[in-house]
Amino acid sequence: MPARKPLKVATFNINGVRTRLASLLAWLEREAPDIVCLQELKAPDEAFPVEPIRDAGYGAIWHGQRSWNGVAILARGADPLESRRGLPGDPKDTQSRYLEAAAHGLIVGCLYLPNGNPQPGPKFDYKLAWFDRFIEYAQGLVESEHPVVLAGDYNVVPTDEDIYNPRSWRKDALLQPESRARYADLLAQGWTDSLRQQFGEERVYTFWDYFRQHWERNSGLRIDHLLLNRALAPRLKEAGVDRWVRGLPHPSDHAPTWVSLARER
DNA sequence: ATGACGCTAGTGTAGCGA
């Protein structure tokens, strides 16, 4: 009986799905991820480029929004079965930041956690409130018997080992103790931070801002995370970052970040 | 401290988010 190819699950903050469509298609073609979580579509629902994505062999669901935010889930050779659109806990929150689906035997939560800058201020308050709602919701998923992955742009640099140099970022919302404490609280529920688990003490970045040649100098941050619940964590095989996508012309400031998982049985 | 991008309104360019 031949070994079955592992399942590749990726998250990619694309920073404009229309502007970055060619890069997205090139990446899907070359890396063939089985499940993709996209963030920052920056497009209303009717502008999501579903046809070229279907032509590339992917089923898709998306939760768009004009100008900002927006999340999508793609599944290779399958249609994601939507299980949630939007985070519970605040009916007045209209920002498109959470989408969840079943695909390829997994439950996949795709999130775009608020950036929170500038801090302090209302944007930072919203970030922390959103994070608190997310933690409360995630509690119900971590102990699920079903395999669950929570993948997305968390807008949190978990530790000083997850950034090239924290000095100039000390006042940034991504490094605040309140942000980091919440990420730690989330992990303490029992989630596995798959990139950190696989890389150990080795540095790994998923985001390089557009300023001051940070990409050329590998001055990066690790803010895109794939968290596995207890039912899924034993199946983790590999993790990585498709850095070549960040090196393409007119790139997103993030690179696709992924895990590979043993197929069930 | 600085500053790059995409998107919007709306045709030239500034504001917003990040």
Side-chain angles (χ1 to χ4, degrees), chain A residues 11-27 37-50 52-53 62-72 86-87 90 92-98 110-131 134 152-158 162-176 178-180 182-183 205-225 243-257:
Chain A
T11 179
F12 182 24
N13 180 320
I14 197 167
N15 190 15
V17 70
R18 290 172 286 184
T19 294
R20 226 72 69 190
L21 181 60
S23 298
L24 174 65
L25 296 175
W27 172 63
C37 295
L38 298 177
Q39 302 87 33
E40 282 210 87
L41 303 178
K42 292 187 173 178
D45 278 338
E46 60 271 21
F48 184 80
V50 59
I53 288 171
W62 58 96
H63 190 196
Q65 182 178 334
R66 197 178 68 177
S67 306
W68 303 305
N69 308 320
V71 286
L87 204 58
D90 184 0
K92 296 190 297 298
D93 183 6
T94 57
Q95 300 191 22
S96 299
R97 296 183 176 275
Y98 188 78
C110 173
L111 65 136
Y112 177 46
L113 209 137
N115 173 290
N117 282 305
Q119 75 79 31
K123 301 243 172 62
F124 191 61
D125 295 340
Y126 174 66
K127 174 185 193 142
L128 298 182
W130 201 97
F131 217 148
F134 184 62
D153 178 358
Y154 283 70
N155 269 314
V156 177
V157 175
D162 297 302
I163 183 168
Y164 66 100
N165 183 350
R167 188 170 54 87
S168 58
W169 292 78
R170 278 295 174 214
K171 294 180 180 172
D172 194 280
L174 279 58
L175 276 72
Q176 290 314 297
E178 296 91 334
S179 308
R180 288 178 161 181
R182 279 166 177 78
Y183 189 75
Y205 303 134
T206 68
F207 165 88
W208 300 258
D209 73 24
Y210 293 118
F211 305 122
R212 296 177 292 276
Q213 295 185 294
H214 277 163
W215 166 247
E216 290 77 5
R217 300 174 185 189
N218 193 31
S219 296
L221 287 66
R222 189 175 75 95
I223 58 177
D224 301 279
H225 307 302
R243 294 172 55 108
W244 66 269
V245 180
R246 183 63 179 78
L248 289 173
H250 309 294
S252 168
D253 38 9
H254 297 248
T257 304

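Below, all heavy atoms of this structure are taken into account, side chains as well, without hydrogens, waters or symmetry copies. In this text the structure is predicted, and so the values were computed from the model without any measurement. Within every chain, numbering begins at 1; the chains are lettered A, B, ... in the order of the sequence lines, protein sequences first and strands thereafter.
At a threshold of 4.5 Å between non-hydrogen side-chain atoms, the residues A:His63 and A:Tyr112 do not count as touching. Within the 4.5 Å cutoff, no side-chain heavy atoms of A:Glu40 are placed close to those of A:Ser252.
Closest to the A:Ser67 side chain, of the nucleotides B:dG3, B:dA4, B:dT8, is B:dT8.
In this structure, CG on A:Leu24 lies 5.5 Å from CD1 on A:Ile53, to the nearest 0.5 angstrom.
When the side-chain nitrogen and oxygen atoms of A:Arg66 are compared with OP1 and OP2 of B:dA9, one or more of them lie within a distance under 4.0 Å. A sub-4.0 Å separation between OP1 or OP2 of B:dG6 and a side-chain N or O of A:Arg20 is present. A:Arg18 has a side-chain polar atom (N or O) that falls below the 4.0 Å cut-off from OP1 or OP2 of B:dT8.
For the pairing with A:Arg222, the side chain to side chain contact (heavy atoms under 4.5 Å, CB included) check across A:Val157, A:Ile163, A:Thr206, A:Val156 returns one residue only, A:Thr206. Partner of A:Leu113 under the side chain to side chain contact (heavy atoms under 4.5 Å, CB included) criterion, out of A:Tyr183, A:Phe131, A:Tyr98: A:Phe131 alone. Results of the side chain to side chain contact (heavy atoms under 4.5 Å, CB included) test with A:Asn155 over A:Leu111, A:Leu221, A:Leu174 single out A:Leu174 as the only residue that passes.
A distance of about 14 Å separates the C1' atoms of B:dG3 and B:dG17, rounded to the whole Å. B:dG15 and B:dG10 are spaced 15 Å apart, taking the P atom of each and rounding to whole Å. Spacing of C1' atoms, B:dT2 relative to B:dG12, comes out at 26 Å, to the nearest Å. One C1' atom belongs to B:dT11, the other to B:dC7, and the distance between them is 16 Å to the nearest Å. Taking atom P in both B:dA1 and B:dC5, one finds a spacing of 22 Å when rounded to whole Å.
Take the nearest nucleotide of DNA chain B for A:His214 and for A:Thr19: the residue whose nucleotide is more 5' is A:His214.
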Quiz item: For every nucleotide of nucleotides 10-18 of chain B, 5' to 3': is a protein heavy atom under 4.0 Å from its base (B), only from its sugar-phosphate (S), or from neither (-)?
Solution: -------BB
